[in-house]
**Q** 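Dropping the structure in here first, questions after.
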There are 2 protein chains.
Amino acid sequence: MADDDPKHAQLIRLYLEREGHQVLTVGDGRAALEMARSRRPDLVVLDVMMPLVDGLDVCRILRAESNIAILLVTARSSENDMLLGLDIGADDYLAKPVSPRELTARVRALLRRTGASDGPASILRVGDLEVDPGRFEVRVAGAPVNLTAKEFGIVELLAREPGRVFTRGQIIDKTFGFEHDVSERTVDAHVVNLRRKIEANPAEPRYVQTVYGRGYRMAER
Amino acid sequence: MADDDPKHAQLIRLYLEREGHQVLTVGDGRAALEMARSRRPDLVVLDVMMPLVDGLDVCRILRAESNIAILLVTARSSENDMLLGLDIGADDYLAKPVSPRELTARVRALLRRTGASDGPASILRVGDLEVDPGRFEVRVAGAPVNLTAKEFGIVELLAREPGRVFTRGQIIDKTFGFEHDVSERTVDAHVVNLRRKIEANPAEPRYVQTVYGRGYRMAER
DNA sequence: GGCGGCCGTACGGATCCGCGAAGGTTCCTC
DNA sequence: GAGGAACCTTCGCGGATCCGTACGGCCGCC
């Protein structure tokens, strides 16, 4: 979400978080572009009037390079602005003052639409860790990390239910297929390699945690 | 488009047809349901207040059985109505009196999102690669390239979502149709031929990239 | 301090991919 | 209908990458 008025930004953030959305906030257009590119959110809420790069330009640029969902918000409620916004690629357009319930309802409708359109599956997030099943890609603080198929399978499985402990047997069944003749030690090896790639300090894992005598789990955000 | 006021219906029809859309009109909710089921339009414009079955119910029913694009129009502009409409599955909501330009802009935005635009298909671009689904044509740096049907199907599928990884199974399903089981290695063969035609150096593909153990993907611009 | 569980390393084996070749099918031409 | 061309599909091989396991050392629990 991008808005140069901190009060307003905080308000919208509050509305959306109360709905269970995870919200990132920036204060100008350039930051909005960077954030959208590095974090790949499901949806972007843009104020039209912003420093550096205005919302319409951000909208145009983002639309040119992705089909992310875009919702424009503006103080100017002139019809021309709205038409312009919708025509350059915005999915929806709201005039200030924003009604909280209308905002959340439109966000829901838009996410429903983009989520159901066989588009990219939504991204799993835990802290600075992002697991993107559709792209087969994992990012740490925005930086892409190269994982093998098994490593990715494990981190995806764990990230789908942060906090839940998976035994090595469960991990083998769900990510290796049902190849029974696989040692549980193998999981350890993959976890080690995985940590090497995604943990800042593999000795003290922030994400993939060992549960002594049980198995592994993903930390809760 | 469903509206029980013939005047209003005629007006909306005019707006949309002037935009190049093909429009079917009915005067009550039951007819709207039948029409939507039999003709399967890209988008449905529903007046909320209609005889027999009201627009909200039509919306609910259609949403339950398909993910067709739905735009609600109503004379009552209360916020509660709008929230209700969006929550039961409508993609957008307009209050009467309807501005012709807003209507057409929102219809355009919605069709763009659902990907069912009946206008000219847009060209997919990734770097110097252009995929033109409408003309069944691919160009590299402006120079046309001759592709076979399968090759084109693959490059089009990949180019529609750059960065997303498609497994060989998905590629077979979505571009070969649900034909008799085809070996996944077949996809490899087509990819090889495809690369020979569109890649400057097939050994280091710029566009169609291999994701070891997963499948293929289109590079991101 | 003993013991069970975890981590790191290293290596043989399995898997996957690229690519050439060849048989089969479809469609067009004459 | 015969001939031919383009296309689709499969097969097989070599090479690159990844996987699975064993083993020794380490750590945490009792």
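Per chain, numbering begins at 1; letters A, B, ... match sequence-line order.
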**Q** Report yes if at least one side-chain N or O of Arg196(A) is closer than 4.0 Å to OP1 or OP2 of dT9(C); otherwise report no.
**A** yes
**Q** Calculate the interatomic distance between Asn193(A) atom CG and dC18(D) atom P; express it in whole Å.
**A** 11 Å
**Q** Under 4.0 Å, counting only non-hydrogen atoms across every strand here, what does His190(A) touch: a base, just sugar-phosphate, or nothing?
**A** sugar-phosphate
**Q** Compute whether any side-chain donor of one residue and acceptor of the other, for Tyr216(B) and Arg168(B), lie under 3.5 angstrom apart.
**A** yes
**Q** Rounded off to whole Å, could you give me the NZ-to-P distance for the Lys150(A) and dA14(C) pair?
**A** 15 Å
**Q** I want to check one thing: is the phosphate of dT9(D), taken as OP1 and OP2, less than 4.0 Å away from some side-chain N or O of Arg185(B)?
**A** no
**Q** Between Glu130(B) and Arg125(B), is the closest basic N to carboxylate O distance under 4.0 Å?
**A** yes
**Q** Closest to the Thr148(A) side chain: dG18(C), dC18(D), dT9(D)?
**A** dC18(D)
**Q** Could Arg139(B) and Asp128(B) be called an ion pair, given the rule that one side-chain N must be under 4.0 Å from one carboxylate O?
**A** no
**Q** Report the distance from atom CG of Asn146(A) to atom C1' of dT17(D), rounded to the nearest whole Å.
**A** 13 Å
**Q** Does Leu86(B) reach the side chain of Leu72(B), with side-chain heavy atoms less than 4.5 Å apart?
**A** no
**Q** Measure the distance from CD on Gln209(B) to P on dA16(D) and round it to the nearest whole Å.
**A** 20 Å
**Q** Assign the ring pair Phe136(A) / Phe152(A) to parallel, tilted or perpendicular, where the plane angle (0 to 90°) is split at 30° and 60°.
**A** tilted
**Q** Of all the choices, dT10(D), dT21(D), dC7(C), which nucleotide is nearest to the side chain of Val182(B) once you look at every atom?
**A** dT10(D)
**Q** Which nucleotide wins on minimum distance to the side chain of Thr210(A), given the candidates dC7(C), dT9(D), dG18(C)?
**A** dC7(C)
**Q** So, is Thr186(A) near the phosphate of dT21(D), with a side-chain N or O under 4.0 Å from OP1 or OP2?
**A** yes
**Q** Asp188(A) CG to dC7(C) C1': how many Å, rounded?
**A** 8 Å
**Q** Measure CZ/Arg168(B) against C1'/dC16(C) and give the value in whole Å, please.
**A** 8 Å
**Q** Please state how far atom CD in Glu184(B) lies from atom C1' in dT9(D), giving the value in whole angstrom units.
**A** 14 Å
**Q** Calculate the interatomic distance between Leu194(A) atom CG and dC6(C) atom P; express it in whole Å.
**A** 16 Å
**Q** Of all the nucleotides listed (dT9(D), dC17(C), dG18(C)), which has the minimum atom distance to the side chain of Tyr212(B)?
**A** dC17(C)
